[in-house]
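Numbers restart at 1 for each chain; the letters A, B, ... are given by sequence-line order, proteins then strands.
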Protein chains: 2
Amino acid sequence: MFYTFLMPPRPQRTLSQDIVPEVVSAALYLITEEGPEGVTVRALARHAGVAPMSIYNHFGGKNGVIDAIIVEGFGHLALFADTTLEDPYENLVAGSRAYRDFALQYRAHYTVMFLHRFIDYTPSRDTVGAAFNGFAILAGQVQACLDAGYFPQRQCVDVAQQLWATVHGYVALEISEINFASDRSAVFGDLIEGLLAGLDRR
Amino acid sequence: MFYTFLMPPRPQRTLSQDIVPEVVSAALYLITEEGPEGVTVRALARHAGVAPMSIYNHFGGKNGVIDAIIVEGFGHLALFADTTLEDPYENLVAGSRAYRDFALQYRAHYTVMFLHRFIDYTPSRDTVGAAFNGFAILAGQVQACLDAGYFPQRQCVDVAQQLWATVHGYVALEISEINFASDRSAVFGDLIEGLLAGLDRR
DNA sequence: AGAAAGTGTAGAACACCGTTCTATAGTTGG
DNA sequence: CCAACTATAGAACGGTGTTCTACACTTTCT
């Protein structure tokens, strides 16, 4: 009764505005430590210090947490990969390196975005929009190259698909620890420059 | 008592030698129809017409079924990708196309092998051996190119990793229905030829 | 032919999962 | 200070992988 002002400031139940970031943070922790299958509603609630019901009140269920992570991931990816170098060709190389940097730095996000399929998960409208925005950034960088005369006789969407597939494939195997390259970063750079040079041959 | 010889030949319980192929077949069906998460011990037993306990008696559990599919998949992949054209460069192109053909034709196998991680699954000794054998085939084809003077200044393992990453990335996005290319097969061929030409530039 | 050994089956049980529902208790705004 | 809101605890439902037990069918040996 007397020393109430010395009590910890945290109330007996989590504040509403703290629940969403706490749960997302817990999800990323669980993915990193136990893999995507470690993300369960009960484990999320336990690690976030909230009640399981909060997952449903604030996210509409487990898949809502997945959606939040994917949208957040595409936000980070856009910040990384939307490079603005003058030379469009060098910009494409820089963007590819930035994509890999994002994937390695935000492995949990990248896993949820591209490497793991959760049960009964179907992306929300926001998630689809964020994904299309990401592909649009890549397509814009490729189009700038086409406008500058690179990649003759090729369509923008095809080159974008080829580059994305290559970068994703390398990163996917790297994150899955299936990589035997002598120098992972150098071999990646060599791969991108080799691919772009090959697609630009005339 | 009298017409016993007219009874259906199938005994009341599944013959031992039929259980393994029946269960593997049921697993591939479930992956194709319902995705990897549709593979449950009870569903496997139901579709294979066996008792759930048979999964444990013959495979040691659900992960044993996964192992069997992966080993079978690497066997098929070896048959596809171990091409033997005279020109080592053209052989690498043919092998890459065969890899994609395998992935598209055996989507369930490919999904289990490279696209989905099952809970608590760790590959058996046989599975690891089959995987290394697969990478060895690719490395051998690359080495033949190096011996013939292709890909100067490059290491065999690096080129193999680059080519595998590219092929896997394209196929992974294609199977995941994330492919915007105008002509999927042609764009894939163009990708491989472009990459190899780029890695071979001097 | 008949008994013994081997093995596939059925079913219950355990702890876990996502999800829904209820009643309670803490927080906040009028 | 009371009413509206909302986070919480807990039970409940049908699923999951896995283990165990009792039983019935096959096969094999004598």
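- Both B:Arg42 and B:Ile19 sit near DNA chain C, but only B:Ile19 has its closest nucleotide nearer the 5' end.
- With distances taken from any side-chain atom of A:Val41 to the nucleotides C:dT9, C:dT19, C:dG8, the minimum falls on C:dT19.
- Which of D:dG17, C:dG18, C:dG8 sits closest to the side chain of A:Lys62 comes down to C:dG18.
- Judged as a ring pair (Phe, Tyr, Trp, His ring centres under 6.0 Å), and not counting sequence neighbours, the contacts of B:Phe74 are B:Phe114.
- In this structure, the ring of B:Tyr106 has its center no less than 6.0 angstrom from the ring center of B:Tyr110.
- Comparing C:dG18, C:dA10, D:dT8 against the side chain of A:Val50 picks out D:dT8 as the nearest.
- Looking at the side chain of A:Met53, the nearest of the listed nucleotides D:dT8, D:dA7, C:dT9 is D:dT8.
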Please lay out, stage by stage, how B:Phe80 and B:Tyr99 fare under the test ring pair (Phe, Tyr, Trp, His ring centres under 6.0 Å). CA-CA 7 Å; B:Phe80 270 70; B:Tyr99 183 102; 9.9 Å; no

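- Of the side-chain N and O atoms in A:Thr40, one or more sit less than 4.0 angstrom from OP1 or OP2 of C:dC17.
- In this structure, A:Val39 reaches the sugar-phosphate backbone alone: every heavy-atom distance under 4.0 Å involves primed, P, OP1 or OP2 atoms, never a base.
- When heavy atoms are screened at a 4.0 angstrom cut-off, B:Asp120 is found touching no nucleic acid atom at all.
- Between A:Gly60 and A:Ala43, the residue whose closest nucleotide on DNA chain C is further toward the 5' end is A:Ala43.
- Classification of the B:His76-B:His109 ring pair by plane angle, with boundaries at 30° and 60°, yields perpendicular.
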